[in-house]
Amino acid sequence: MAGMARSPRIIASIVAVALIVGAAAFAVVWRPAIAAIERPSPASFDPAVIKRGRELAALGNCNSCHTRQGGQDFAGGLPVPTPFGVIYSSNITPDPETGIGQWSEAAFARAMMTGVDREGRHLYPTFPYDHFTNVTDEDDRALYAFLMTRPPVHAPARPNELMFPLDQRPVIAGWKLLFLRGETFRPDPAKSAEWNHGAYLVDGLAHCGSCHTPRNALGAERASAQFAGGEADNWRAYALNDRAHAPVSWNAESLYAYLRNGWHPDHGTARGPMAEVVSNLSTVSDRDVRAIAIYMADISGAPKPESDRGAVLAQVEPASAQADAAGAAIYAAACASCHESGRPLPYGGVNLALSTAVTSPDPRNLANTVLSGVAAVAGERSPIMPGFADSMTDAQVTSLLNYLRARFSKEQPWTGVEKTVADARRSQTALLQSSVGPRNAPADPSQRDQP
Amino acid sequence: MNAPVILDRRRVLQGGGALIVSFSLGRALAQEGSPAGAAPKRPGSLAVAPYLDSWLRIDADGRITAFTGKAELGQGFKTAFQQIAAEQLDVPFEAIHVVTADTQLTANEGYTAGSHSMQDSGTAILNAAAQVRELLIAQAAGRLGLAAENLRTENGAVIAPDGRRLTYGELVAADLLHVQAQPQSKLKDPASFKIMGHAVPRVDIPAKVTGGEAYVQDMRLSGMVHARVVRPPSYGAQLVECDSAAVERLPGVLKVVRDGNFLAVIANKEFQAIKAMNALAAAAKWKESQNLPKQDDLLNVLTGLPSQDSIIFERSDPSVSGQKTLEATYTRPYQSHGSIGPSCAVAHFVDDAMTVWTHTQGVYPDRQAIAEMLRMSPASVRLIHVEGSGCYGHNGADDVAADAALIARALPGRPVRVQWMREQEHAWEPFGPAMVTKLKASIDGGGRIADWNFAVWSNTHSMRPGNAGTLLAAQHMAQAFAVPPPKPLPLPEGGGDRNAIPLYTFANARVVHHFIAAMPLRISAMRGLGAYHNVFSIESFMDELAGLAGADPVEFRLRHLEDPRGRDVVEKAAQEFGWKQDRKPPPGRGYGFAFARYKNLAAYCAIASEVEVNSETGRARLLRAVAAVDSGQVVNPDGLTNQIEGAIMQSMSWTLYESVSFDDTRITSIDWQTYPILRFDAVPDRIDVHIINRPGQPFLGSGETGQGPAAASIANAIAHATGKRLRDLPLTRKRIKDAIDA
Amino acid sequence: MMTLKVNGQDNQIDADPDTPLLYVLRDDLKLNAAKFGCGLGQCGSCTVIVDGKAVLSCVTPLVLLKGKQVTTLEGLGTVSAPAPIQRAFMEEQAAQCGYCIAGMMMRAQALLLRNPKPTDAEIRAELQPNLCRCGTHMRILRAVHRAARLMDTADASANARSGQ
């Protein structure tokens, strides 16, 4: 379960940690191995527990990191390029040799609680055990039951390609000493049961803060700035607290609909890493999603008076004289045909006055969306937006973004847009090159047995 | 337009030989009714158009033209017809030029539908060519003073034993071919075939891969203008208000056409027309009504509508009775043809005559309907078929042809090109009808099906033109034409009950057709008609019954199948697939099998497939399929293979993904976001098609034979992989996952 | 009026800057290959190559094309002198109705320009945006593989010639 880095900053912090605690005591570092077991028979698990485990795995978004593009579910191998090298996610199918087939439930629970694998090796903190300490034993048991009943896949972990000293796992122990609080979730008796269930999920298994909370210089989430906005896979993870930039304020109902369906008429469609999250949430129980929505709505505070849909749409003015003329022409020709078509969402393209991508403090998500578009989900009704990476230059995208900011928001113009666009184009290219094909891509037919 | 598409009559006459003169339009039209008399039936479409010169003409310079009233839709039969004519005439393949459906040039062969092209038109050309060859030999015998038996043909000439040769061009004379065909022809021995039965590259592909003019969409007539229609937002919507003044002032706009609820705009350039269409749509105010049924409850919607019920098959043997019984209900949603290119037509109204270039499947019936709509005589309306994007049945082709005609009449003298938009094609095309089947059967002690009950609920499967009321434009005009009452298509081919009667032999059997007249959604013919769902139901249920009997699915089918050609394709597909009893697939995979003979009288097809199901996501992927097909005498094996491959892929897409969506008022599946179809990530690793050739046997239509077996084969493989039987189409990821998790 | 370079030739185009390239190609330049399929960037029928990249011409307005080079299927070769990709599609008989094929070929051509030896998975991933309704996919895949081989052979023989 060598977690994969969602952010190069984490790696950077590990370097720093390495210097600080370079001489950490052996006792701090050393963890015993837990004895290997025979893989338990799938029939030995209670089907109801497995079913709950499936939902919990979806809530935890486990498949996003532990499944590579074109690979088999939970078999790991997702490469993440970082400035310090590449980290590969691990195989968490019950294959005895290459997965967690020999792990006992105790070994699994230890990994969740302390970030140590069965053999006693420290796991990279990008496997978010700083959140998983909150997960109850009961839920760990259900997750274990679910994972141990998946089809085992023989998929040896690819060694991480990290530079020294990051490839030395004892370094991680130092990081834990500083930042792993090992707390477990404590309900707030002043709040409702739903609120508390939501808090349990959000701060625990769903590990929302991993992306949505900013990190300090050493790569740990800043407790004082919880949900103030972070980053994931070169996307901005928007602030979810009372400093959120959504033009229309979120509430429990809209959050619920968004998390359940992947889109909301006042906010548009989830994309980037959030698209995977809502895709998973579409499979879990209603109760879980509603609880998350109730808790997060409370976190985001009371709606601002000027941010109801009518008020937001009313403030959009026709392009002003100062607006970027080239951007205006591009918008009219390339974007308006869908975004102003009047088609019902999620298929028409949101009115950009409602888009957080336009009001966000930085234009990265907008740049990503314009460049990459939204790809079709195979065989399912899903919004499609063509990407413009191959038809627009950086200068053209920059013009467009400047225009959208001026036309559809009241915020100050962005600075450094052209650089953001260039970075987005580069990171998008890296992302595309690292994937070997679409999800569920075919196996090599020559490897197939005849019946 | 270039020659391959429209044979300009004057051009033909200029370069023509004696025979051309003999072909008069009057005579061709005189053939439209079926010929009187009780003569023995002529083969194929010679029965309706018996004159040989309706099918073949030979110029004095030896150029040969074959005519077909059928429309090339991408099936490749134009190439096959050229092979047939060349083979039987003993001329090189390149010597033949094929002209397709044109009300001024070709015979009335009705619709290009039901996998009839090879059977009807191919058979006509086959026999006509053989008989023309005989006539040419007889003519040469007369000229050379030799007995016909002593003459042979080769490379476009009749050759005497002494080496003297007379070319076909030299032999043709006035009216030589203007004779009625004989019921019997002296066909060549299949063993001597040089062109038929061989894989000949299709004649249309070079233009299609080099940007040549290949489709009606590519037509650019001199002075042509562009029009767009603004369709109502929903069925039955009434145009309440439309101030078009501002639209008329837009750049390039020539005219706004309004006739009742029919609204369109004409502009000089195409994108000007699109902008004007958007402006016009914004200006139009409609009154809509909530008439659509519940999309998620089609089972009750369909079975709750009044139906005309008929027992279409019954067999009884009281001595046989069953011991174990199974019942199952299968459903199919409305599905779209989903042509990649939205429908398009060009119309030109000049001197009170209307010409329409169209990708209709029936130039004559569509002409009838358009003439009625325009209140013109059919004689002054000409329809010329030009290829469009693949249609797979009755898509928007006829409707856009009517749109073009109505708009062109408002702008006489200018050719008008009308191109439907994506959402218009998706929302307004006549869908493949939803269907329900209920099956019940019992197994006797010996593991045989003792009794079989099959009931199907469905609309008609053809609302094709003939009547103006079938056309959207005619329905929307101020003086609207009413939709004609739907009729069930008669057996043995049938419509909703196509392939409802099993080809298997059961001691007791009863098949009931519940024909539903009411059509909550606009529907018509879609590839396979009822056969797609009926075969899916029968062949899924056969697997369920095999399970009940503890039998291998292939062996169980053979147990009930007497037809030897049917048995052959079943055995061939099983053998090529590597089918073995009690076979165990790798984890997550399943094997499936299915068989049908299309319409119980066209081509035979058996398909074995291997499917992988991802138990986490529910996503099913066809890994490989092996098909065996018997379509009688094969003309172009590669063309046939291409058709079967395509049928499997398309049916897979229908079966796994596709359903029309709608709310209580509007169709909501209006593009590829809302009506997803197969993309490349779902393409199998391989598809193998094995042809069982039957030299000398009649052609059996094969364009639709794969649809049903592919669906059931995949469904059976999914059931094999998951242990769960899915009976509601489409077998979506979500449905599979829900079944796995249940 | 704007100058647009298509298939190596400069054209003076008299169309509004918001006009999608597709209509300029079809209406102004009378080219057939790029097809209208959806106008929404969902099907790939209109795919052409702009500066070496596969681009959906139906959602690419003229305003984006200043100074760029557009290549359509017509610009690759002719029936008598087909480009490798065209030869490959003919040899594999990779069409039924053929309406989607020009777009498929242009996307494949762009892939082969940047990756002369793509794997099967790479070809499938590349063609994901393009729809075919007839079910010609198996042949299309074979044709792209064949085109890669033909291009390779053509390159090899060109190198051999230049080496002499």
Side-chain angles (χ1 to χ4, degrees), chain B residues 73-76 199 201-202 204-215 217-218 220 226 251 269-271 274-275 337-342 344 387-392 419 421-422 638-639 642-643 645-653 671-673 677-681 683-684 686-687, chain C residues 15-16 18-20 22-24 26-28 30-40 42-43 45 72-79 82 85-86 89-91 93-102 105 120 123-141:
Chain B
L73 313 171
Q75 332 89 311
R202 270 181 31 199
D204 54 332
I205 287 183
K208 290 175 177 175
V209 301
T210 54
E213 193 176 281
Y215 307 93
Q217 282 90 345
D218 300 335
R220 292 181 192 85
H226 294 271
K269 295 180 73 173
E270 187 160 18
F271 194 58
I274 292 172
K275 283 182 159 175
H337 298 81
S339 298
I340 296 296
C344 181
E387 248 193 279
S389 178
C391 62
Y392 330 104
Q419 162 81 70
M421 303 305 284
R422 166 51 48 204
D638 189 60
N642 202 351
Q643 281 293 298
E645 284 174 4
I648 293 171
M649 301 292 285
Q650 188 180 68
S651 179
M652 175 187 92
S653 181
D671 54 21
W672 304 118
Q673 306 177 89
I677 64 170
L678 152 76
R679 287 181 185 268
F680 265 92
D681 59 346
V683 169
R686 58 183 304 165
I687 292 182
Chain C
D16 290 343
D18 65 348
T19 308
L22 174 67
Y23 299 105
V24 175
R26 295 192 61 85
D27 211 3
D28 295 87
K30 319 286 183 212
L31 294 169
N32 296 314
K35 294 281 188 270
F36 172 74
C38 65
L40 303 161
Q42 298 173 4
C43 77
S45 314
T72 72
L73 189 57
E74 287 94 339
L76 298 186
T78 61
V79 173
I85 188 101
Q86 292 167 320
F89 272 71
M90 286 190 237
E91 288 172 357
Q93 292 285 290
Q96 287 190 38
C97 85
Y99 198 87
C100 70
I101 292 297
M105 293 171 74
D120 198 56
I123 297 171
R124 288 167 187 252
E126 184 72 17
L127 293 177
Q128 184 75 349
N130 288 43
L131 295 173
C132 164
R133 186 56 163 164
C134 295
T136 320
H137 304 73
M138 307 306 297
R139 287 167 184 251
I140 293 168
L141 291 173

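As the structure is a computational prediction, the values presented were derived from the model and not from experiment. Protein chains get the first letters and strands the later ones, always in sequence-line order, with residue 1 at the start of each.
Contact tally against chain B (heavy-atom pairs below 4.5 Å) for Pro20(C), Gly77(C), Ala33(C), Ala15(C): the top residue is Pro20(C). Ranked by heavy-atom pairs shorter than 4.5 Å toward chain C, the options Gly390(B), Gly341(B), Cys391(B) are led by Gly341(B). Each of Val24(C), Ile101(C), Asp28(C) has some count of heavy-atom pairs under 4.5 Å with chain B, and the biggest count is that of Asp28(C). Contact count against chain B (heavy-atom pairs under 4.5 Å) is highest for Arg26(C) among Arg26(C), Met90(C), Glu91(C). Most heavy-atom pairs under 4.5 Å with chain C: of the set Gly76(B), Ser339(B), Pro201(B), this distinction falls to Pro201(B).
Residue Leu73(B) touches chain C through its backbone alone, counting heavy-atom pairs closer than 4.5 Å. Contacts of His337(B) with chain C are made by backbone atoms alone, with heavy-atom separations under 4.5 Å and no side-chain atom involved. Within the 4.5 angstrom heavy-atom criterion, no atom of Ser651(B) approaches chain C. The contact between Ile274(B) and chain C is made entirely by side chain atoms (from C-beta outward), counting heavy-atom distances below 4.5 Å. The contact between Gln673(B) and chain C is made by backbone and side chain atoms together, counting heavy-atom distances below 4.5 Å.
The SG atom of Cys132(C) sits 8.0 Å away from the CG atom of Leu678(B) when rounded to the nearest 0.5 Å. Here the straight-line distance linking atom OG1 of Thr210(B) with atom CD1 of Ile85(C) works out to 13.5 Å at 0.5 Å rounding. With values rounded to the nearest 0.5 angstrom, Glu270(B) atom CD is found 11.0 Å from Thr19(C) atom OG1. Atom OG1 of Thr136(C) is separated from atom CD of Gln643(B) by 9.0 Å, given to the nearest 0.5 angstrom.
When atom types are taken as modelled, the side chain of Arg124(C) and the backbone of Val683(B) share a donor-acceptor pair closer than 3.5 angstrom. Between the side chain of Gln86(C) and the main chain of Val209(B), a donor-acceptor pair closer than 3.5 Å is present. Panel note: side chain Tyr23(C), backbone Lys269(B); no donor-acceptor pair is recorded below 3.5 Å. In this structure a side-chain-to-backbone donor-acceptor pair under 3.5 Å is present from Gln650(B) to Arg133(C). With hydrogens and angles ignored, the 3.5 Å screen pairs no side-chain donor or acceptor of Arg679(B) with any backbone N or O of Leu131(C). Between the side chain of Gln96(C) and the backbone N or O of Asn642(B), at least one donor-acceptor pair lies under 3.5 Å.
At a threshold of 4.0 Å, the pair Arg220(B)-Asp27(C) does not count as salt-bridged, since none of the basic side-chain nitrogens sits closer than that to a carboxylate oxygen. Ion pairing between Arg139(C) and Asp638(B) holds under the 4.0 Å rule for side-chain N and carboxylate O.
The shortest non-hydrogen separation linking Lys35(C) to Asp218(B) is NZ-OD1, 3.3 Å. When all heavy atoms of Gly98(C) and Tyr215(B) are compared, the closest pair comes out as C-OH, 2.8 Å. Residues Ser45(C) and Ile340(B) share a closest heavy-atom pair of OG-CG2, 3.2 Å. Minimum interatomic distance between Gln128(C) and Asp681(B) (heavy atoms only, all atoms of both residues): OE1-N, 2.9 Å. Nearest heavy atoms, Arg422(B) versus Leu40(C): CG-CD1, 4.3 Å. Contact between Gly388(B) and Cys97(C) at its shortest, heavy atoms only, is O-CB, 4.5 Å.
Side-chain atoms of Glu126(C) and Phe680(B), non-hydrogen and from C-beta on, never get closer than 4.5 Å to each other. In this structure the side chain of His137(C) never reaches within 4.5 angstrom of the side chain of Glu645(B), judged on heavy atoms. You'll find the side chain of Asp18(C) reaches within 4.5 Å of the side chain of Phe271(B), heavy atoms only.
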